[in-house]
Every structure is written in C-alpha cells, then in structure tokens.
Amino acid sequence: MIRTKNLVFDYKKFDDEGNVIGTRRAIDEVNIDIEPGQFIAILGHNGSGKSTLAKHMNAILSPTEGTMWVDGKNTSREENIWNVRQTAGMVFQNPDNQIIGTIVEEDVGFGPENLGVSTEEIWQRVEESLSAVGMIEYRHHSPNKLSGGQKQRVAIAGVVAMRPKCIVLDEPTAMLDPNGRREVLRTVEELRKKEKVTVILITHYMEEVVGADRVIVMDKGHVVLEGTAREVFSQVELLKEYRLDVPQVTLLAYELRKKGYPIPKGILTTEELLSALSECKNTDIKTQVLGSEAKKSLSNVGQPLLKVDHINYIYSPGNAFEKHALKDISLDIYEGEFIGIIGHTGSGKSTLIQHLNGLIKATDGDIYYKGENIYREKYNLRELRNNVGLVFQYPEHQLFETDVLTDVCFGPKNQGLSQEECKERAIEALKLVGLPEKYYEVSPFDLSGGQKRRVAIAGVLAMKPKVLVLDEPTAGLDPKGRDEILEQIAYLQKEGNLTVVLVSHSMEDIAKYVDRIVVMNKGSKMYDDEPKKVFAHYEELEKVGLAAPQVTYMMHELAKKGFPVDTEATTIAEAVETISKVLKK
C-alpha cells in the first residue's frame, strides 16, 4: 500500500525576495514498506519527522529526494495526486485545518460528494460515519459551535465517509476524552477488519499502539526502531532516550523487574502482568487488603483566591444553536492549589476556565478574584488577566508575532515593562518550557504543534501570573516534553506558590500532579474531591465518557485475583509500593 525508497525531505527557508536562504532536513533516507490492511503505528518525539512523513502519504508534500509510492502510484507525479488523495485519507492533528462546512453533516458529506458518490449513498455514509464517532446528535450543528474534541470527531468522520483504502491519522485523539479515544480507535479498527483499510496511526498515547501489527519509531528524520509492539516496548531505556514512553502496564512491569522480580520484558496487558505476578508470589494472599495512607485534607481556610458563585452560561441564547453550557457551577480556588478539571468532550471544561479571567461573562452568577466581583462596574479586567493567565486549547489561537521571542515578549510589553525586562522574562520563560535558543528567531507558525504549545505557555509564564490556567497543555507533546512541562509547572506551583488549574484528558497526568479534581458532566459539576476519592468512582466516570488511570484498573484486577493490593493506587510509584508489599520479596 505504501512504500518509500531513500525518502528525503528538506524544508526551505526563504528571504523576503523569495530566495532560498537555508534548509532543514526533516526526513532523511527513510525506507518503509506497508502492506494493505495493516495497522502501523508511528512514534517519535516532537520534530522527529512523523507528521512530515504522513503528509507525503497523502501527497501534501513531495519528496526532495527519493520516492514514495501509494498503492503503486508515485506521489511525485502530478497526474497521480488526485488518485493518491482518494486512496489515502488524512486526519490532521488540528481539526480546524480540515473542517470547511457550515453544518456538521454537510462537512462530512463533502468528501464523498467530490468523489461523485450518489446522494442517497452520501447520506447513508454521513449517518454511519457520525454514528461511529458518537456525533450523530450534532449532525445539524455548526462545527464552529463545537468543542475541540467534538471537531476532531467530525474531521475523522469526514475521512471515514470517503471510504479510503488507507487512513493516515496524525494524533487524532490528542483532544479527545478517554471514551472518545476508545470510540475512534474502535471505529478505525472495525473499518480495517471489514473494509481491509490500511491504518497508519501517529500518536503519543502508547496504549493506543499495543494492537498494532508494527511499530515504527522515528528520530531526527530517521527510522531508528521497528518491530512488533512487544519488541519495541521491551526497550524502555532506549525509548526514553528518544523522548518516548511505554504503556503504564509495561512501565509497571519494568519497575518491578528493576526491583529484582522475575517478570518478563515487554509486558503489554494486565492479563500478562497478572500471570507474571502469580509466578512471583510467595506469600499467603488471604489477608486484609492494604490501604493507602490518608492524603492531606483539602479543606482550606480563609478567603479563596478565585470564587465561582452559581454561574450559568448559555451559548447563542434564543436561536436554534442555543446550548446551556454551564449549569449552576460553584467553585472555590485557593492560593497555591493544583486543581485538575476533567470531563467528556463538550462537558463545559473550556467554557468554565474562560470565565476565570473574564474572557466570557456568565449569563448569570458571579466570579470573585481576591474577594472582588469581576463583573462590577469599572472592574479592572486588564489587571485580572495579568494575574490569571490562560493557555488556550489550541496554541495557534494566541501566537501571532513574527518570531518566537517577540511573541513571548508581547505580554510583558503590555504590562509596561522595558524592552530589556521583556527580553529577560521571555528568555527565562522559554528556558522554563524547554524550547532551544535556535528557535527564538523562528516564526511561531513554522514550529511543530508541540513546539507551538511550549511557546504559548511561555508567553503566559513571562507575565508572571498568580494563577495559571492550562487547557490541554500537553496535547500534541511527546512523552518527554509532556513530563518536562508538567514537572516545571508543578515546581513553579510548589516553590512559587503559583495556583494552577489544569484541564486534561490524560487521567495519568491528573493522578500524578493535582491535589484536587473537579469533574464536569454536561455542564454540571459532578465531583470535587482529592484524586483517590474521585477515581474510586471509576465505574461512574466511565458512564460519562471518562476513565481512571490505567494503574487503577490494574490494581482492581489484581485485587479480584486475590492480591491484597491498594486499589486506591493511581500512580506507578504507588502501584510498585503496594505490589512489593504483597510479594514480600
């Protein structure tokens, strides 16, 4: 289906007159063969060349050197481009890049219509595709009124409706809730089985590639590792060197093996881990289940830094698109807290946080910052936004300057700081997010998705806010980059008494970093408690499109098999500790 021979691609840099003044090699001598009907996963850190390779599969890019064939057709030949794009459907990282219709069902039908499919068949495909991604109830909505995750589902449905022989998915689930990720992958897998569609998945969620026929790992434009999921994930240390990760069950097995337990390499499922642990067990397991140590109380005293008081918000009131996005939400946020907000796609998470610095005004209810109502007449919203910094779901929405350094300087400049102070703050913030100096003079629009996200976060950090609100800050980041950003934010929260509000679809990140979780469901607050207590309701969370961390499920499975482990464990470190106690090595 897809074959490359010595594929090379260079990005060119032009001056104002259109002359080439430099090149950057993104793909370097890549040779791959993908058979029809295979499920191939491509992994790699941000900037490794994954997306550039994917764009060659759809003939969006043409090789600088070498050749790519899609279904036997050379993608460099002009006469083949139309057929190549019919053959290989592309789902981009950002759905806004491929949604063009004003109504959801029209957008999904656009591709089949351009392929000359009959009207009756088009509507049948639209219904099937939207049902497959869980968006049938939104078929008459405007895509502009949807959340980021909902838009991504529509984009996937649009490609699925075209019935391509091959689907190339570039981080399609980065913005989706856990249930949405499962639905999308299940949909794609069904297509592969029924229609023999070839699936090429680029992702930073390692759990998504366990079932792949083959895993390809890229680094600096090269294919550096290739094999089955077990073969690749057995090499934990090597993957870490490439800024990657492994599934949580694989990592747990790896950490236990480091402690001396005879557990085989490349564990991929909970069942395999259970079998391996049964071999290690040398103790009477008919004992009381171990309990976790009580976490510090979350009860705060004094006045909250931010207070959300019975707010409601209605989008497009009085017309066909009216939607009650927030319903009687009350929330107290105290200085120095690290709060996680989770919820299914469209639950109201992004709408809620945009109220915190006055970007959106509640339909009714009030919001207070340091005891002052931000809706009172002549309240200084500019000062509020200096203190409550918001990093948007899509970094492109807040990047606009000619180069990275200038963009990050923008906030401090508007705070009235001198040019020298602005530059100092910008460089400090860029170092905090780990963006190398070589990118400072590059246009932010020439960066990868993960790099753009770092710049967006740096732009807010440079303003030194009291509250940092982050909407999916690690979506699109490679595992190493994700950990670096969150570790740095956790450090600033702890050492600088920064208040952090983190919206995320990664239950593992939420479990690892936050002190308190707020769960949103259909515009209402469902839970507000410490992580262990919230994730104890994992069955209820699943019913509203969420999940618990993978560790939680592993612990419950172990408990069912008679291992007296702490079922409240939510992190790898906690799981290693409780299993070690049981095994008594």
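Keep in mind that what you see is a predicted model, and the values were worked out from it rather than measured. Note: hydrogens, waters and symmetry copies are ignored here, and every other heavy atom, side chains too, is used.
Side chain to side chain, E105 and Y138 fail the donor-acceptor criterion of an N or O pair below 3.5 Å. For the 3.5 Å distance criterion, the side chains of Y315 and T351 qualify, holding a donor opposite an acceptor. Using modelled atom types and a 3.5 Å distance limit, the side chains of T203 and E208 yield a donor-acceptor pair. Side-chain contact check for D170 and S51: at least one donor-acceptor pair (N or O, by modelled atom type) lies under 3.5 Å. Under the 3.5 Å distance criterion, with hydrogens and angles disregarded, no donor-acceptor pair is assigned to the side chains of E120 and Q124.
Partners of S350 under the side-chain contact (heavy atoms from CB on, under 4.5 Å) rule, at least two apart in sequence or in another chain, are Q354, Q393, D471. Residues forming a ring-ring contact (aromatic ring centres under 6.0 Å, His included) with F410 (at least two apart in sequence, or on another chain): F400. The side-chain hydrogen bond (donor to acceptor under 3.5 Å, both in side chains) search around T406 returns D403, not counting sequence neighbours. When the side-chain contact (heavy atoms from CB on, under 4.5 Å) test is applied to A426, the partners found at least two apart in sequence or on another chain are L405, V408, C409. Every residue meeting the side-chain hydrogen bond (donor to acceptor under 3.5 Å, both in side chains) condition with Q86, not counting sequence neighbours, appears here in chain and number order: W82. For N521, the side-chain hydrogen bond (donor to acceptor under 3.5 Å, both in side chains) partners are H344, not counting sequence neighbours. Checked against ring-ring contact (aromatic ring centres under 6.0 Å, His included), Y440 has no partners two or more places apart in sequence or in another chain. Listed by chain and number, the residues in a side-chain contact (heavy atoms from CB on, under 4.5 Å) with I136 are E127, L130, S131, R139 (sequence neighbours excluded). The side-chain contact (heavy atoms from CB on, under 4.5 Å) test applied to V117 returns P112, L115, E121, I122, R125, not counting sequence neighbours. For H204, there are no ring-ring contact (aromatic ring centres under 6.0 Å, His included) partners, not counting sequence neighbours. With sequence neighbours left out, the side-chain hydrogen bond (donor to acceptor under 3.5 Å, both in side chains) criterion links E226 to R214. With sequence neighbours left out, the ring-ring contact (aromatic ring centres under 6.0 Å, His included) criterion links Y538 to Y553, H556.
The ring of H45 has its center no closer than 6.0 angstrom to the ring center of Y242.
Separating the CG atom in L359 from the CD1 atom in I353 is a distance of 9.5 Å, to the nearest 0.5 Å.
Proximity of a side-chain donor or acceptor of E441 to a complementary backbone N or O of V404 within less than 3.5 Å is not detected. T250 places no side-chain N or O within 3.5 Å of a backbone atom of V246 that could act as its donor or acceptor partner. A donor-acceptor pair is defined here as one N or O able to donate and one able to accept, closer than 3.5 Å; no such pair exists between the side chain of D245 and the backbone of P479. In this structure, the side chain of D33 does not engage the main chain of R3 through any donor-acceptor pair within 3.5 Å. At least one donor-acceptor pair under 3.5 Å links the side chain of R153 to the backbone N or O of V133. Using modelled atom types, one side-chain atom of Q550 and one backbone atom of Q248 make a donor-acceptor pair closer than 3.5 Å. Proximity of a side-chain donor or acceptor of T363 to a complementary backbone N or O of I314 within less than 3.5 Å is detected. A donor-acceptor distance shorter than 3.5 angstrom exists from the side chain of Q98 to the backbone of F92, with no hydrogens or angles considered. Side chain of R85 to backbone of N58: a donor-acceptor contact under 3.5 angstrom is found. A distance-only check finds a donor-acceptor pair linking the side chain of T4 to the backbone of V30 [under 3.5 Å].
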Residue pair M90, C166: steps toward the side chain to side chain contact (heavy atoms under 4.5 Å, CB included) verdict: CA-CA 9 Å; M90 182 93 178; C166 173; over 6 Å; no
Step-by-step side chain to side chain contact (heavy atoms under 4.5 Å, CB included) determination, V455 to L447: CA-CA 9 Å; V455 175; L447 301 178; 3.7 Å; yes
Side chain to side chain contact (heavy atoms under 4.5 Å, CB included) assessment of I311 paired with H355: CA-CA 9 Å; I311 68 167; H355 280 78; 3.9 Å; yes
Residue pair T198, K165: steps toward the side-chain hydrogen bond (donor to acceptor under 3.5 Å, both in side chains) verdict: CA-CA 6 Å; T198 306; K165 290 183 181 179; over 6 Å; no
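Between I216 and I32, the closest side-chain pair of non-hydrogen atoms falls below 4.5 Å. Between P465 and V460 the shortest side-chain heavy-atom distance falls below 4.5 Å. At least one side-chain heavy atom of L244 sits under 4.5 Å from a side-chain heavy atom of V217. At least one side-chain heavy atom of L470 sits less than 4.5 Å from a side-chain heavy atom of I489. Residues M218 and I42 are in side-chain contact: their nearest non-hydrogen atoms beyond the backbone lie under 4.5 Å apart.
Taking the charged nitrogens against the carboxylate oxygens, K480 and D483 have no contact shorter than 4.0 Å, which rules out a salt bridge. With salt bridges taken as basic N to acidic carboxylate O contacts below 4.0 Å, one links R482 and D509.
Note that R181 lies in the cation-pi zone of Y205, set by a 6.0 Å cut-off to the ring centre and a 45° limit from the axis.
Heavy atoms of other residues, nucleotides or ligands lying less than 6.0 angstrom from OH of Y513 number more than 12. At most 12 heavy atoms of other shown residues, nucleotides or ligands fall within 6.0 angstrom of atom NZ in K220. More than 12 non-hydrogen atoms from other residues, nucleotides or ligands lie less than 6.0 angstrom from NZ of K323. Within 6.0 Å of CD on E79 lie more than 12 heavy atoms contributed by other residues, nucleotides or ligands.
When the options K50, R243, R453 are evaluated for a salt bridge (Lys or Arg N to Asp or Glu O under 4.0 Å) with D478, the one that passes is R243.
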